[in-house]
Amino acid sequence: TCSLHPETKFLIHSKRIVTPNGMIAGTVEVSEGKIVSISVNDGDLNADLLPILDFENCVIMPGLIDVHTHLNEPGRADWEGFDTGTRAAAAGGLTTLIDMPLNSYPTTVTKETLEMKVQAARNKLYVDVGFWGGLTPDNAHNSSALTELLDAGALGLKSFMCPSGINDFPMTDENDIKASLPVLAMYKRPILVHSEVPQPSEEQEFSLEQRRKYSTYLNTRPATWEREAVSKLVNLASDTIVGGSAEGAHIHIVHLSDSGETLNLIKEAKVRGFKLSVETCPHYLSFSVENIPDGDTRFKCAPPLRSEENRKKLWNALINGDIDFLSSDHSPAPPELKLLEAGDFLGAWGGISSLQLVLPITWTHAKENGVPLEVISKWWSSMPAKFANLQNKGSIEVGKDADFVVWDPETSFDVNEDFQIFHKHKITPYSGSRLFGRVIATFVRGQMVYHEGHHALSPCGRPILASVTENSVGHHFI
Ligand SMILES: NC(=O)NC(NC(N)=O)C(=O)[O-]
Ligand SMILES: [Zn+2]
Ligand SMILES: [Zn+2]
């Protein structure tokens, strides 16, 4: 009942399979959830012996890995939850998510709260889900608390350099983050940082008319917030160089929006060998402030969407490899919190809902920019797997988990009432868009968890917990 395809040993074939050695026409042999052989074209198949799923001209890629999802359970399952969130993932071709430690209640900041989260996820997962632990001022200076959280399986830590909007997830400053680095270095696991530091500004009163403009909101969170945060993080990252006091630690900047000076700081730090990486999200590549309708708070997120010029530079940075990979930052909330009627950008909850759509959104833009499928796969599978040290995932190679998305890049669809969104709440700023790339089927460890609008009867995704034995193998950071 975990799979819409009854066999555990089978062949999957198509004319376009994305492998680390490029695109091939061929066949992948799956046995007990693993990839056991790959043959090019009509190579030596066990075709007479094993059932074959022939996807013809559709593309088979490694399942997508989203290292930045807010699933919000336990405590705020009315915002999303493991069931709806992982169904949406499966329908979107994502096979692994890593859940953020905030927006759930309690927040995931101790061994016990991580165990509660894993317990809450039981029998609800349609894809595999790992967990980041939270770094707050309460645990940052307590290395045994951090050790417990990492021993319990948190894949790394996440913190905010500005208020997170969640009371039991207070912000950290650079000293808090610095204190966590020796522990993280020992475990070779990353710290992910929401990189905005509030800058002094004049108290201002805005009329509702002004509050309905995205530009008003944008002006309250200028690029200097990101620049300030990243400059502090770059300083800390200098200790991560080979021979440095925090060698083995790794700082990751989540959801970069500013492609100006902030990006330059990141590029310089990388040149100097600091262990620093950066993601951006489809919404920063899709939207710009010039095109956001007044009052349309579905677009509110932090850091904010910026200018069209900034958006284009962000694309170039991604294409050039200055940005390492993509994540969704799927952060939904009940529609009431978006204050859609008033259209008040300052009062609305920030967070964009997009999980199920990230592959078609990315591909629609990539196609226009001449970016090939292999590169999409790098941004969404191999690089995120490497970053999070998911050694069994991220590519179609012998020995890896049989996590696949089968999709048709040539077909387009409209995000309208006829398109089934599996998120708990259907509001998304992508409504009304025409996107290329229809997901046909999704496989998680050989199980067909989604096919043409239908999910498997039971959820057989697994929680992914870091194990201490994995550490001996070590992280292979970007
Ligand atoms: N509490 C949140 O989910 N915040 C998120 N909100 C956004 N991105 O607007 C985030 O990742 O910062
Ligand atoms: Zn954030
Ligand atoms: Zn987030």
Side-chain angles (χ1 to χ4, degrees), residues 12-28 30 35 38 40 55 57-69 89-98 127-128 277-282 285 315 317-328 354-411 435-445 449-450 476 478:
I12 177 169
H13 172 85
S14 104
K15 296 198 176 73
R16 293 187 285 175
I17 305 177
V18 175
T19 76
N21 304 319
M23 178 98 79
I24 60 164
T27 304
V28 178
V30 175
I35 297 168
I38 301 170
V40 176
F55 287 104
N57 202 36
C58 285
V59 170
I60 303 178
M61 289 198 325
L64 278 70
I65 298 174
D66 182 21
V67 306
H68 191 155
T69 323
L94 297 111
T95 50
T96 305
L97 306 178
I98 309 184
V127 302
D128 290 347
S277 57
V278 58
E279 70 188 30
T280 191
C281 313
L285 302 169
W315 251 111
L318 179 66
I319 290 169
N320 295 341
D322 297 329
I323 294 173
D324 298 276
F325 57 81
L326 294 173
S327 77
S328 75
S354 67
L355 186 64
Q356 190 181 328
L357 297 171
V358 294
L359 173 58
I361 298 163
T362 308
W363 171 238
T364 302
H365 289 283
K367 218 163 97 76
E368 281 166 22
N369 286 278
V371 176
L373 294 167
E374 292 91 325
V375 175
I376 303 281
S377 184
K378 197 172 112 191
W379 293 340
W380 276 112
S381 299
S382 58
M383 296 292 265
K386 205 166 159 187
F387 164 67
N389 197 25
L390 303 172
Q391 294 174 8
N392 297 326
K393 300 193 179 286
S395 56
I396 299 183
E397 276 179 279
V398 172
K400 298 252 179 174
D401 287 351
D403 293 349
F404 311 125
V405 52
V406 182
W407 63 296
D408 173 4
E410 281 81 31
T411 303
L435 300 174
F436 278 86
R438 208 168 60 83
V439 173
I440 314 274
T442 304
F443 293 79
V444 176
R445 285 174 285 98
V449 297
Y450 173 83
H476 301 283
I478 300 149

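Sequence positions, counted from 1, serve as the residue numbers for this chain. Below, each value reflects all heavy atoms present in this structure, side chains not excepted, and no hydrogens, waters or symmetry copies.
Distance check: Thr19 OG1 to Ile35 CD1 gives 10.0 Å after rounding to the nearest 0.5 Å. Between the OG atom of Ser382 and the CD atom of Glu374 there is a distance of 11.0 Å, given to the nearest 0.5 Å. To the nearest 0.5 angstrom, Asp403 atom CG is 9.5 Å from Ile396 atom CD1. Atom CG of Leu64 and atom CD1 of Ile376 lie 9.0 Å apart (nearest 0.5 Å). To the nearest 0.5 Å, atom CZ of residue Phe404 and atom CD1 of residue Ile12 are 5.5 Å apart. With values rounded to the nearest 0.5 angstrom, Asp128 atom CG is found 4.0 Å from Arg445 atom CZ.
Side-chain contact between Pro372 and Met23 is absent, with no heavy atoms from C-beta onward closer than 4.5 Å. Counting heavy atoms from C-beta on, the side chains of Pro20 and Glu397 come closer than 4.5 Å. Taking 4.5 Å as the limit, some side-chain heavy atom of Leu355 sits within range of a side-chain heavy atom of Asp66. Considering only heavy atoms from C-beta on, Leu285 comes within 4.5 Å of Leu318 through its side chain.
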Exercise. For Ile17 and Ile38, what are the C-alpha separation, side-chain angles and deciding distance, and is it a side-chain contact (heavy atoms from CB on, under 4.5 Å)?
Worked result: CA-CA 10 Å; Ile17 305 177; Ile38 301 170; 6.0 Å; no
For this session: Check the pair Lys393, Asp401 against salt bridge (charged side-chain N to carboxylate O under 4.0 Å, His left out), reporting the backbone distance first and the verdict last.
Result: CA-CA 6 Å; Lys393 300 193 179 286; Asp401 287 351; 2.9 Å; yes
For this session: Give the C-alpha distance, both sets of side-chain angles, the deciding distance and a yes or no for side-chain contact (heavy atoms from CB on, under 4.5 Å) between Asp324 and Glu279.
Result: CA-CA 6 Å; Asp324 298 276; Glu279 70 188 30; over 6 Å; no
Problem set entry | Asn369 vs Trp315, side-chain contact (heavy atoms from CB on, under 4.5 Å): CA-CA, chis, key distance, verdict | CA-CA 9 Å; Asn369 286 278; Trp315 251 111; 4.2 Å; yes
For this session: Decide yes or no on side-chain contact (heavy atoms from CB on, under 4.5 Å) for Trp379 and Ile319, but give the supporting numbers first.
Result: CA-CA 10 Å; Trp379 293 340; Ile319 290 169; 4.3 Å; yes
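Taking the six-membered ring where the residue is Trp, Trp407 and Trp363 present perpendicular rings, their angle passing 60° and hence far from 30°.
Ile65 and Ser381 make their closest contact through CD1-O, 3.6 Å (heavy atoms, listed as atom of the first residue, atom of the second, distance). The shortest non-hydrogen separation linking Pro384 to Lys378 is CD-O, 3.5 Å. Nearest approach of Leu359 to Gly92, heavy atoms of both residues: CB-O, 4.0 Å. Shown here for Cys281 and Leu326, the closest heavy-atom pair between the two residues is N-CD2, 4.4 Å. Closest approach of Val127 to Ala89, counting heavy atoms only: CG2-CB, 4.1 Å. The two atoms that bring Met383 and Phe325 nearest to each other are CB-CB, 3.8 Å, heavy atoms only.
A donor-acceptor pair is defined here as one N or O able to donate and one able to accept, closer than 3.5 Å; no such pair exists between the side chain of Ser377 and the backbone of Leu373. A donor-acceptor pair under 3.5 Å is absent between the side-chain atoms of Thr442 and the main chain of Tyr450, judged by distance alone. A donor-acceptor pair is defined here as one N or O able to donate and one able to accept, closer than 3.5 Å; no such pair exists between the side chain of Thr27 and the backbone of His13. Between the Ser328 side chain and the His68 main chain, a donor and an acceptor come within less than 3.5 Å of each other.
A side-chain donor from one of Thr362 and Trp380 sits under 3.5 Å from a side-chain acceptor of the other.
Judged as a side chain to side chain donor-acceptor pair (under 3.5 Å), and not counting sequence neighbours, Thr95 has no contacts.
Among the candidates Val406, Thr411, Val405, the single residue satisfying the side-chain contact (heavy atoms from CB on, under 4.5 Å) test with Cys58 is Val406.
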